[in-house]
Amino acid sequence: MGASLGPADRPSGLTIPLPLAEQLLEHAHSELPNEACGLLAGSVADGVALVYHPARNSEASPLRYNVDPEDLVRIVFAIEEAGRDLVAIFHSHTRSPAVPSATDRRTAQYPGVFYLLATLADSTAAPQRALRAWRIHGGQTFEAPLSIS
């Protein structure tokens, strides 16, 4: 999935096209009452996500998510075969803000990618209001600029 970037080499923000942002929210709403999840592929060096790979939430829970292990393997291989990088891990919060929960912070395992969260608390919110990007490292969260164009 491309070369591993050190902290100083990582882009500070995430850019996603508007149709992709809309696809994320559509998937999130379709999974209610449970949280939705998936992986975004593109260029990690540029901080640009171009493709969304929806995944099953093996927790099947409105409060937690876990990318189904079979989906994870299948999607990671598909990303590599396409010559892209894993750029972000996406999941929705059904009623709470798009801010990493204590569980999200504790279980984050990929410090080199963005964590993209959607809040479904306002079902009419535009992607620019519903989505937020984060870095999670060592249990600490850092909000990243998110550009939706």
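We number each residue from 1, following the sequence as shown. Keep in mind it's a predicted model, so treat the numbers as computed, not measured.
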Handout entry: Side chain Ser92, main chain Thr119, donor-acceptor under 3.5 Å
Key =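 It does not hold such a pair.
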Handout entry: Backbone N/O of Leu63 and side chain of Ser61: donor-acceptor pair under 3.5 Å
Key = yes
Gap separating the [atom1] atom of [X] from the [atom2] atom of [Y], nearest 0.5 angstrom:
{"X": "Ile16", "Y": "Glu22", "atom1": "CD1", "atom2": "CD", "answer": "10.0 Å"}
{"X": "Leu146", "Y": "Leu116", "atom1": "CG", "atom2": "CG", "answer": "6.0 Å"}
{"X": "His53", "Y": "His27", "atom1": "NE2", "atom2": "NE2", "answer": "13.0 Å"}
{"X": "Asp85", "Y": "Asp46", "atom1": "CG", "atom2": "CG", "answer": "9.0 Å"}

Handout entry: ILVMFWY clustering at 4.5 Å (side-chain atoms), partners of Val73
Key = Phe77
Is there a side-chain contact between [X] and [Y] (heavy atoms, below 4.5 Å)?
{"X": "Asn66", "Y": "Thr107", "answer": "no"}
{"X": "Tyr65", "Y": "Ile89", "answer": "yes"}
{"X": "Leu40", "Y": "Leu20", "answer": "yes"}
{"X": "Asp104", "Y": "Leu117", "answer": "yes"}
{"X": "Arg64", "Y": "Thr103", "answer": "yes"}
{"X": "His91", "Y": "Asn57", "answer": "no"}
{"X": "Arg135", "Y": "Glu143", "answer": "no"}
{"X": "His29", "Y": "Ser123", "answer": "yes"}

Practice task
Could I get the full list of side chain to side chain donor-acceptor pair (under 3.5 Å) partners for Arg74, not counting sequence neighbours?
Solution key: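 Partners of Arg74 by the side chain to side chain donor-acceptor pair (under 3.5 Å) criterion, ordered by chain and then number, come out as Asp71.
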Problem - Intermediate values then yes/no, side-chain contact (heavy atoms from CB on, under 4.5 Å), Leu131 and Leu25 - result: CA-CA 9 Å; Leu131 297 169; Leu25 290 179; 4.2 Å; yes
Let me check something: do [X] and [Y] share a hydrophobic cluster, defined by ILVMFWY side-chain heavy atoms less than 4.5 Å apart, either directly or through other members?
{"X": "Phe142", "Y": "Tyr115", "answer": "no"}
{"X": "Tyr110", "Y": "Ile75", "answer": "yes"}
{"X": "Leu24", "Y": "Leu18", "answer": "yes"}

Practice task
Tell me, yes or no, whether the heavy-atom count around Glu26 atom CD, taken from other residues, nucleotides or ligands under 6.0 Å, exceeds 12.
Solution key: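 Counting other residues, nucleotides and ligands, CD of Glu26 stays at 12 neighbours or fewer.
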Practice task
Can you establish whether the number of heavy atoms outside Gln128 located under 6.0 Å from its atom CD is more than 12?
Solution key: yes
Between [X] and [Y], which heavy-atom pair has the shortest distance, and what is it?
{"X": "Pro97", "Y": "His93", "result": "O-ND1, 2.8 Å"}
{"X": "Pro33", "Y": "Pro62", "result": "O-CB, 3.0 Å"}
{"X": "Ser12", "Y": "Ala144", "result": "O-CB, 3.4 Å"}
{"X": "Gly47", "Y": "Phe114", "result": "CA-CE1, 4.3 Å"}
{"X": "Val48", "Y": "Val87", "result": "O-CG2, 3.6 Å"}
{"X": "Ala118", "Y": "Ala98", "result": "C-CB, 3.9 Å"}

Practice task
Decide yes or no on side-chain contact (heavy atoms from CB on, under 4.5 Å) for Leu120 and Glu31, but give the supporting numbers first.
Solution key: CA-CA 11 Å; Leu120 303 180; Glu31 292 294 319; over 6 Å; no
Exercise for the section: For the pair Glu35 and Glu59, evaluate side-chain contact (heavy atoms from CB on, under 4.5 Å) and give the outcome as yes or no after the intermediate values. Expected result: CA-CA 9 Å; Glu35 290 190 358; Glu59 299 288 330; over 6 Å; no
Handout entry: Passing option when Ile148 is tested against Pro19, Pro127, Pro17 for side chain to side chain contact (heavy atoms under 4.5 Å, CB included)
Key = Pro127
